[in-house]
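As the structure is a computational prediction, the values presented were derived from the model and not from experiment. Throughout, protein chains are lettered first and strands after them, A, B, ... in sequence-line order, and every chain is numbered starting at 1.
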Number of protein chains: 2
Amino acid sequence: MNKEIEKLLFNPIRLKTISFLMTVETCTFKALLDVTASSKGNLSIQIKKLNEAGLVKIEKYFQKSYPTTDYSITEKGKTSFEDFFNQLQSLKNE
Amino acid sequence: MNKEIEKLLFNPIRLKTISFLMTVETCTFKALLDVTASSKGNLSIQIKKLNEAGLVKIEKYFQKSYPTTDYSITEKGKTSFEDFFNQLQSLKNE
DNA sequence: TAAACTAGTTTATTTTATAAACCAAATTAA
DNA sequence: TTAATTTGGTTTATAAAATAAACTAGTTTA
């Protein structure tokens with residue numbers, strides 16, 4: 001895992017987001033708001049960073065003329081999360 | 001564990017510092033520099049924050065007229081580290 | 001006695017996190 | 001039917017944090 005991604009996941013909101021996305025197919029913005037206990041603005045930015053790094057997929061579409069967004073984790077997101085946790089684990093058992 | 005301490009440990013340099021201090025009685029600034037791969041200025045500030053939060057003890061004394069500093073973890077530091085890890089663990093297994 | 005090393009601290013700057021304000025469409029309520 | 005509320009966000013302004021660079025001070029080595 002590269003340093004950029006480690007740094008990215010070393011943030012509660014982003015880690016909780018990725019962690020939650022590991023457990024679901026897709027989810028709504030609202031679900032992530034609940035999970036992270038973040039403000040909307042902050043969450044929006046943190047999701048965008050995860051998306052720009054290729055860890056999270058954002059799909060916008062219209063559900064009977066109403067705009068909806070689905071958030072999901074990418075393959076890169078999955079392996080990054082696993083790697084991050086393994087690295088943390090090594091800090092625990094020295 | 002309170003939110004302040006969780007936030008404090010959600011930083012690579014500080015977590016690595018605490019993690020390393022769990023494994024030794026005391027250590028030098030140099031040792032922490034190596035462990036964290038940080039710059040001196042940054043490390044100095046991060047240690048100070050850990051100290052102000054009561055997780056790390058800083059002892060300055062003279063070793064034959066030469067000023068020396070010993071860094072060590074406090075009881076609060078130990079439990080905070082354990083608690084932090086347990087909380088992280090719960091993110092992994094949902 | 002000048003250069004280099006150890007052991008840091010202080011300061012200035014960049015980056016990041018956060019909250020607040022804003023926007024637009026849809027729904028509900030009067 | 002129009003005003004208030006809710007959903008689902010984004011943008012922007014500000015506060016906090018991270019970082020590097022510069023500085024300090026004493027020691028050892030050449």
Side-chain angles (χ1 to χ4, degrees), chain A residues 2-21 24 26-53 55-72 80 84, chain B residues 2-21 24 26-72 80 84 91:
Chain A
N2 72 53
K3 204 126 175 78
E4 280 312 299
I5 289 183
E6 185 188 338
K7 201 173 161 189
L8 197 69
L9 294 183
F10 243 115
N11 167 280
I13 294 175
R14 293 192 297 260
L15 188 63
K16 283 172 188 167
T17 294
I18 286 286
S19 160
F20 179 69
L21 289 178
V24 295
T26 66
C27 77
T28 62
F29 187 82
K30 179 75 168 44
L32 292 179
L33 261 186
D34 291 347
V35 162
T36 59
S38 158
S39 66
K40 290 186 293 176
N42 195 5
L43 178 60
S44 177
I45 285 166
Q46 305 314 327
I47 292 175
K48 194 192 284 179
K49 285 182 185 176
L50 290 170
N51 174 249
E52 282 164 0
L55 308 191
V56 164
K57 193 162 114 193
I58 302 177
E59 281 179 293
K60 288 164 192 277
Y61 60 95
F62 278 82
Q63 196 178 45
K64 49 176 171 147
S65 83
Y66 193 88
T68 310
T69 311
D70 276 356
Y71 301 91
S72 59
S80 294
F84 181 73
Chain B
N2 72 53
K3 204 127 176 76
E4 279 312 298
I5 289 183
E6 185 187 338
K7 200 172 161 190
L8 197 68
L9 294 184
F10 243 114
N11 166 281
I13 294 175
R14 293 193 297 261
L15 188 63
K16 284 171 188 167
T17 294
I18 286 285
S19 160
F20 179 68
L21 289 178
V24 295
T26 66
C27 77
T28 62
F29 188 82
K30 180 74 168 40
L32 292 179
L33 262 187
D34 290 348
V35 162
T36 59
S38 157
S39 68
K40 289 184 295 176
N42 195 5
L43 179 60
S44 178
I45 284 167
Q46 306 314 328
I47 291 175
K48 194 193 284 180
K49 285 182 185 175
L50 290 170
N51 174 250
E52 282 163 0
L55 308 191
V56 163
K57 194 164 114 192
I58 303 177
E59 281 179 293
K60 288 165 191 276
Y61 59 96
F62 279 82
Q63 196 176 47
K64 48 175 171 147
S65 83
Y66 193 88
T68 310
T69 310
D70 276 356
Y71 301 91
S72 60
S80 295
F84 182 74
L91 280 185

**OP:** Figure out the OH/C1' separation between Tyr61(B) and dG8(C), and round it to whole Å.
**Re:** 15 Å

Subject >> Rounded distance [0.5 Å steps], CG in Leu8(A) versus CG in Leu55(A) >> reply: 6.0 Å

**OP:** Please check the phosphate of dA7(C) (OP1 and OP2 only) for any side-chain N or O of Tyr71(B) closer than 4.0 Å.
**Re:** no

Original post:
Any N or O donor-acceptor pair linking the side chain of Lys40(A) to the base of dG9(D) at under 3.5 Å?
Top reply: yes

Subject >> Between dA7(C) (P) and Leu32(B) (CG): distance, integer Å >> reply: 12 Å

Original post:
Out of curiosity, Ile13(A) CD1 to Ile18(A) CD1, how far, rounded to the nearest 0.5 Å?
Top reply: 13.0 Å

Subject >> Set of side chain to side chain contact (heavy atoms under 4.5 Å, CB included) partners for Thr69(A), sequence neighbours left out >> reply: Ile58(A), Lys60(A), Tyr71(A)

Subject >> Any pair counted as salt bridge (Lys or Arg N to Asp or Glu O under 4.0 Å), so long as it reaches residues 30-47 of chain B, sequence neighbours left out >> reply: Lys30(B)-Asp34(B)

**OP:** Would you indicate, yes or no, if dC5(C) has its OP1 or OP2 atom less than 4.0 angstrom from a side-chain nitrogen or oxygen of Lys30(B)?
**Re:** no

Subject >> Integer-rounded Å distance: dA19(C) P and Leu33(A) CG >> reply: 12 Å

Original post:
Are any of Lys60(A)'s side-chain N or O atoms less than 4.0 Å away from OP1 or OP2 of dG8(D)?
Top reply: no

**OP:** Mind checking Thr69(A) for me? I need base, sugar-phosphate or nothing, with any heavy atom below 4.0 Å counting as a touch.
**Re:** sugar-phosphate

Original post:
Could you give the CD1-to-C1' distance, from Ile58(A) to dG9(D), as a whole number of Å?
Top reply: 11 Å

**OP:** Ignoring backbone atoms, test whether Ser44(A) places a side-chain nitrogen or oxygen under 4.0 Å from the OP1 or OP2 oxygen of dT10(D).
**Re:** yes

Subject >> d(CZ, Phe29(A); P, dT7(D)) in whole Å >> reply: 13 Å

**OP:** For Ala37(B), enumerate each residue passing the side chain to side chain contact (heavy atoms under 4.5 Å, CB included) test, keeping only those at least two apart in sequence or located in another chain.
**Re:** none

What donor-acceptor contacts under 3.5 angstrom involve side-chain atoms of residues 41-49 of chain A, with partners at least two apart or in another chain?
| from | atom 1 | to | atom 2 | distance (Å) |
| --- | --- | --- | --- | --- |
| Asn42(A) | OD1 | Gln46(A) | NE2 | 2.8 |
| Gln46(A) | OE1 | Arg14(A) | NH1 | 2.5 |

Original post:
Atom CG of Leu43(A) and atom P of dA19(C): how far apart are they, to the nearest Å?
Top reply: 12 Å

**OP:** Take atom CD1 of Ile47(B) and atom C1' of dG8(C), then tell me their distance rounded to the nearest Å.
**Re:** 9 Å

Original post:
With sequence neighbours left out, what residues match Phe29(B) under ring pair (Phe, Tyr, Trp, His ring centres under 6.0 Å)?
Top reply: none

**OP:** Report, as a single string ordered 5' to 3', how protein heavy atoms within less than 4.0 Å touch nucleotides 13-19 of chain D: B base, S sugar-phosphate only, - not at all.
**Re:** ----SSB

